[in-house]
Amino acid sequence: MGKIKLDSRLKAVASLVRQGSVVADVGTDHGYLLCYLIENGICERGIASDLRKGPLENAKQTVINCGLENNVKLVLSDGLQNIEENSCNDIVIAGMGGILISEIIEKAPWVYNKSINIIAQPMTHAEYLREFMCRNGFYINKEVTATDGKRFYCALSFRFTGEKTDYPQSYWYLGELLKNKDEITKTYIDKMVLTLEKKLTAQKNAGVDDWKELEILIEEIKQKITEADL
């Protein structure tokens, strides 16, 4: 049994990592995810990177405590900028906003590669990330959800095809979640719809001109949920 225990959010992320892959954990913080993956035999080695020296030092201490100095390379990097091409085939970017994750991917053209699996866990704006990825030649391979107390999270895996796809606007909010029939996913979607409805009410009260567009989106999302029998 390994030393590292993950919370439900990071367990969801870990579930999307491919067996035997070489993982780059971008924004590694304490390095828990990568050490967990190695301790549990999901991968043998990987790269732990962070923008700041403090978190990278924390990750280094975790690696030492787990005795994984020969398995983990520590890299100070702004996103993927200092991660070498061909050094990994699974990339994890978790715990950031969907817009920032999109910007990190956009700045690293070498990840537009069919052999690479990109795993993202956006804390906000998952809809922005889905749209960005699909419009730039990726497709969503799988999505999973998790809960920690009152907070709900989704994690997604993307693969590159080169085919830029345009979906209905509701897809940017629902993605592949409707394939899941578990209660956590259902609650995640219900909370998302409730947030959109509150936003609609606020727009109407503020006299925003294009509130009708949001109302149509919400109805479209509800229709997709009904069709999926979720």
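Being a predicted model, the structure only gives us computed values, none of them experimental. Just the heavy atoms: all of them, side chains too, but no hydrogens, waters or symmetry mates, feed the values below.
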Residue pair Phe160, Tyr139: steps toward the ring pair (Phe, Tyr, Trp, His ring centres under 6.0 Å) verdict: CA-CA 6 Å; Phe160 183 71; Tyr139 74 96; 9.9 Å; no
Should the pair Asp7-Lys11 be classified as a salt bridge under the 4.0 Å nitrogen-to-oxygen rule? no
To the nearest 0.5 Å, how far apart are SG in Cys88 and NZ in Lys73? 10.5 Å
Exceeds 12 heavy-atom contacts within 6.0 angstrom, atom CZ of Arg52: no
Lys181, NZ: over 12 other non-hydrogen atoms inside 6.0 angstrom: yes
Heavy-atom count check: over 12 atoms from other residues, nucleotides or ligands less than 6.0 Å from Arg45 CZ? no
Lys/Arg-Asp/Glu bridge criterion (N-O < 4.0 Å) met for Asp90, Arg18: yes
Working to the nearest 0.5 angstrom, can you tell me the gap between Lys204 NZ and Glu215 CD? 4.5 Å
Counting only heavy atoms from other residues, nucleotides and ligands, does the tally under 6.0 Å from CG of Asp209 exceed 12? no
Between Ile184 and Ile225, is there a shared hydrophobic cluster once you connect ILVMFWY residues whose side-chain heavy atoms come closer than 4.5 Å? yes
Derivation of the side-chain contact (heavy atoms from CB on, under 4.5 Å) call for Thr187 and Lys191: CA-CA 6 Å; Thr187 304; Lys191 289 175 73 69; 4.1 Å; yes
For atom CD of Glu44, decide whether the heavy atoms of other residues, nucleotides or ligands shown that lie under 6.0 angstrom number more than 12. no
Do Leu33 and Ile64 share a hydrophobic cluster, counting only Ile, Leu, Val, Met, Phe, Trp and Tyr and linking them when any side-chain heavy atoms are less than 4.5 Å apart? no
Ile218 and Tyr188: same hydrophobic cluster, using ILVMFWY side-chain contacts below 4.5 Å? yes
Show the numbers, then the answer: is there a side-chain contact (heavy atoms from CB on, under 4.5 Å) between Met133 and Ile118? CA-CA 10 Å; Met133 296 297 278; Ile118 297 179; 4.2 Å; yes
Could you tell me whether the side chain of Leu100 reaches within less than 4.5 Å of the side chain of Glu103, counting heavy atoms only? yes
How far apart are the C-alpha atoms of Thr62 and Ile4, what are their side-chain angles, what is the distance that settles it, and do they pass the side-chain contact (heavy atoms from CB on, under 4.5 Å) test? CA-CA 9 Å; Thr62 301; Ile4 299 296; 3.9 Å; yes
Answer yes or no: is there a side-chain heavy-atom contact under 4.5 Å between Val13 and Val92? yes
Value for CD1 (Ile116) from CD (Glu85), rounded to nearest 0.5 Å, stands at 7.5 Å
With heavy-atom distances below 4.5 Å as the criterion, would you say the side chains of Leu214 and Lys199 are in contact? yes
Atom CG of residue position Asp229 - does it have more than 12 heavy atoms of other residues, nucleotides or ligands inside 6.0 Å? no
Do Gln223 and Glu219 pass the side-chain hydrogen bond (donor to acceptor under 3.5 Å, both in side chains) test, and can you show the C-alpha distance, the side-chain angles, and the key distance before you say yes or no? CA-CA 6 Å; Gln223 180 63 34; Glu219 290 306 313; over 6 Å; no
Does Asn70, at its CG atom, have more than 12 non-hydrogen atoms belonging to other residues, nucleotides or ligands within less than 6.0 Å? no
Is the closest basic N to carboxylate O distance between Arg130 and Glu127 below 4.0 Å? no
In this structure, CG of Asp166 is separated from OH of Tyr171 (nearest 0.5 Å) by 12.0 Å
Glu143 with Lys179: basic N within carboxylate O range, under 4.0 Å: no
Treat each ILVMFWY residue as a node, draw an edge where side-chain heavy atoms are under 4.5 Å apart, and state whether Val111 and Val22 are in one component. no
First locate atom OG1 of Thr124, then atom CD1 of Ile99, and finally report the distance between them rounded to the nearest 0.5 Å. 6.5 Å
Quick check for you: to the nearest 0.5 Å, what is the distance between Tyr153 atom OH and Asp148 atom CG? 5.0 Å
